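What follows is a single structure, written as structure tokens, with notes after it.
Keep in mind that the numbers below use all heavy atoms, side chains included, and drop hydrogens, waters and symmetry copies. Bear in mind that the values here come from a model prediction, so they are computed numbers and not experimental data.
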Amino acid sequence: MRASFNARLDQILPRVTSKDFLSSRGIGNEIACYIFDYPADQELEVRKHITWLTSRLSSHYGDLQVFHLNMLDVLLGYLEERKLLDKTLQ
């Protein structure tokens, strides 16, 4: 399991730096985004990889603008703003 998880992590950089991704070629020619799902017990490893990845992109692909969006943070912020977090957790 660990080897296949690490293999998935290793696929991110080539994917997000590919010509198709950078030119938004694909379904609907939408703005390029990459969603990586993973088991919750791999959270710390993913965080470390994201730190490495964003650093790598900044140093080797300076013309790219990278935006990392943590969906959990977005959801929690939304629920807090709407005063629904406590109710949701109950």
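To the nearest 0.5 angstrom, Thr17 atom OG1 is 8.0 Å from Leu64 atom CG. Taking CD1 of Ile50 as the start and OG of Ser55 as the end, the distance is 13.5 Å to the nearest 0.5 Å. The distance from the CD1 atom of Ile12 to the CZ atom of Arg56 is 14.0 Å, given to the nearest 0.5 Å.
In this structure Glu43 satisfies the side chain to side chain donor-acceptor pair (under 3.5 Å) test together with Tyr38, Arg47, sequence neighbours excluded.
Listed here is the closest heavy atom pair of Val16 and Phe21: O-CD2, 3.2 Å. Counting all heavy atoms, side chain and backbone alike, Ser24 lies closest to Ala32 at OG-N, 3.5 Å.
Within a 6.0 Å radius of CZ in Arg15, other residues, nucleotides and ligands contribute 12 heavy atoms or fewer.
The list of ring-ring contact (aromatic ring centres under 6.0 Å, His included) pairs with a residue in residues 40-70, not counting sequence neighbours, reads His49-Trp52.
Looking at heavy atoms from C-beta onward, Leu69 lies in side-chain contact with Met71 at the 4.5 angstrom threshold. Under the 4.5 Å side-chain criterion, counting only non-hydrogen atoms from C-beta, Asp37 is in contact with Arg8.
Under a 4.5 Å side-chain heavy-atom criterion applied to ILVMFWY residues, the cluster that includes Leu85 comprises Leu72, Leu75, Leu76, Tyr78, Leu79, Leu84, Leu89 as well.
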